[in-house]
Amino acid sequence: MEPRPDHPADPIDASPLDPTEGIVRTLEPPIAESAHLLGQDDPGKPAVDAVVVLDFGSQYSQLITRRVREAGVYCELVPHDAPWPDIAPLHPKGVILSGGPASVYDLDAPKLPGWVLEQGLPVLGICYGMQLLAQALGGRVAPADRREYGPATIAVADPDSPLFAGLPPALDVWMSHGDHIDALPPGFRVLARSANSPVAAIGKDGLVGLQFHPEVAHTPRGADLLRNFLEGVCGCRPGWSAESFVGAATREIREKVGGERVLLGLSGGVDSAVAAALIHAAIGDRLTPVFVDNGLLRLGEADLVREVFARHFGMNLVHVDAGERFLARLAGVTDPEEKRKAVGSEFVRVFEAEAERLAERQGPFAFLAQGTLYPDVIESTTADTKSAAKIKTHHNVGGLPADLRFALLEPLKFLFKDEVRAVGRALGLPPEIVERQPFPGPGLSVRLLGEVTAPDLDLLRRADAVVREEIEGAGLAGEVWQYFAVLLPVRSVGVMGDGRTYGRVCAVRAVASQDAMTADWARLPHDVLGRIGNRIANEVHGITRVVYDVSSKPPATIEWE
């Protein structure tokens, strides 16, 4: 059981979250597709070793998945009740049971699927996962005398356990539990203990459990513990990397596309750029990237995209100026979900119209390619998200119309953001593309709260340009994941010279993150914030007040809408 954190977690690796509210449930990924991508279903190809994480509702489930991949082993996160036939195509060499907010003795608590033990695979249970494993094998779990959340030190009781190979006899760890094991299952032994947790780790053959969380940064040697499980217990070989993905993905794209043509919606962001480079490497000129200027881009961005892609990609980039069309589609729309859906739908309609025009000269297009990422799918309720609670619709996932005329090609849909950047570097893309900060598909429409109008877009563009210029000019761009301005639908009294003003309020947002699943507000130097506020108030006529957003994700999201 994971109680609510009492103080902030690491800004990159984890953030506080009430485990009973707003949990981001995970998707049910199309494992057969990813298994093919990894060569798991083809004995003629070298397979990449894999494990699966069963999600029991932990705030850190996504983080476990990322940590396993960082160790060079492919990993997917699946619902806790996923049946074995759905998982079998991946040929996992181990199973990880995540933590969760429930107590294993509750009547409605998630149970351990029977196949976990029947398959004879190595198992690592973390927190709730350890208690679930112990209960299923005849142990007893009960409420702890004292709930424990925060730092602790464990003493390794069995240094011969492969789980602790090469590690010191005492380790700093991060605890998060309200229950504990007070009777071991038959045959199990204590591998580690702490002052408050006499059973901090247990093991028997290939079945091991940890009461603490090795996946968070507050467990400094947690990556070594996970690596020991993957390599020492499961026998996994580190083979998952950006380079291995590029080779497998290009083969997969060729097989899927065959001799057909692909139309790609190019936004100029990292995701679509890497998708374009990857698909182009696979099928060459049968890819036609279409850059749609939707009128919702940042200042000077359309010109930058055209120049960079012509210079670095050598592709026949098709440019479509559709700003007026998007503004007309967004007229009167104030709800953020409707904005995202409207932008997503309009993107596809523009692509369809452009495809018809291009098809007259080049032939028909069978596929629409997108830069959809793993977090995009997780945060959107789609046919793949069996147990996902929708946080917001991503324009390239939930905003697609039901009557889409293309088959979708999403070569990055199993990757996290940092993995996409690594793939971009492996493909030889320049830093000005690979290291660009994320930009939402709906563009400035979700950074302009309320109805989207041309005058307000102009205000927001100029304010956003100031934010970017000052942060980049101070040499802070590499330390901040994302930074931008938000125009609020409120006015505030001000004074300039001897006169009263009554202008708009602009919020500045800057966050530190690694993959956008969690984020913390960036501690920008006060002098930088001062210059941003002063310049916006003086240079962007119509804005009289500037505020700084100090919200973390969760509970907030990075974007305001």
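- Within the 3.5 Å criterion, the main-chain N or O of Trp521 finds a donor-acceptor partner in the side chain of Arg523.
- Ring geometry, Trp84 versus Trp115: the interplanar angle falls from 30° to 60°, so the pair is classed tilted.
- Distance check: Ile126 CD1 to Leu133 CG gives 12.0 Å after rounding to the nearest 0.5 Å.
- We find that Glu561 and Arg447 are not joined by a salt bridge, their nearest charged nitrogen and carboxylate oxygen being 4.0 Å or further apart.
- In summary, Arg221 and Asp172 do not engage in a salt bridge, as defined by a charged side-chain N under 4.0 Å from a carboxylate O.
- Under the 6.0 Å distance and 45° angle rule, Arg66 counts as a cation-pi partner of Phe416.
- Here the side chain of Ser161 pairs no donor or acceptor atom with the backbone of Asp158 at under 3.5 angstrom.
- A donor and an acceptor atom, one from each side chain of Tyr105 and Asp179, are located under 3.5 Å apart.
- The cationic atom of Arg468 (NZ for Lys, CZ for Arg) does not lie both less than 6.0 Å from the six-membered ring centre of Phe484 and within 45° of the ring axis.
- Side-chain N/O atoms of Glu410 and Gln370 include a donor and acceptor closer than 3.5 Å.
- Taking the six-membered ring for Trp and thresholds of 30 and 60 degrees, Tyr74 and Phe414 have ring planes more than 60 degrees apart, a perpendicular arrangement.
- Judged by distance alone, the side chains of Asp549 and Trp560 do bring a donor and an acceptor atom under 3.5 Å apart.
- At most 12 heavy atoms of other shown residues, nucleotides or ligands fall within 6.0 angstrom of atom CZ in Arg237.
- Counted by atom type alone, Glu419 and Trp240 present one or more donor-acceptor pairs between their side chains at under 3.5 Å.
- By the 4.0 Å N-to-carboxylate-O rule, Glu215 lies too far from Arg67 to be salt-bridged with it.
- A salt bridge does not link Asp418 with Arg421: every distance from a Lys NZ or Arg NE/NH1/NH2 to an Asp or Glu carboxylate oxygen is 4.0 Å or more.
- A distance of 11.0 Å separates CD1 of Ile181 from CZ of Arg140, quoted to the nearest 0.5 Å.
- Ser58 places a side-chain N or O within donor-acceptor distance of the main-chain N or O of Tyr60, the cut-off being under 3.5 Å.
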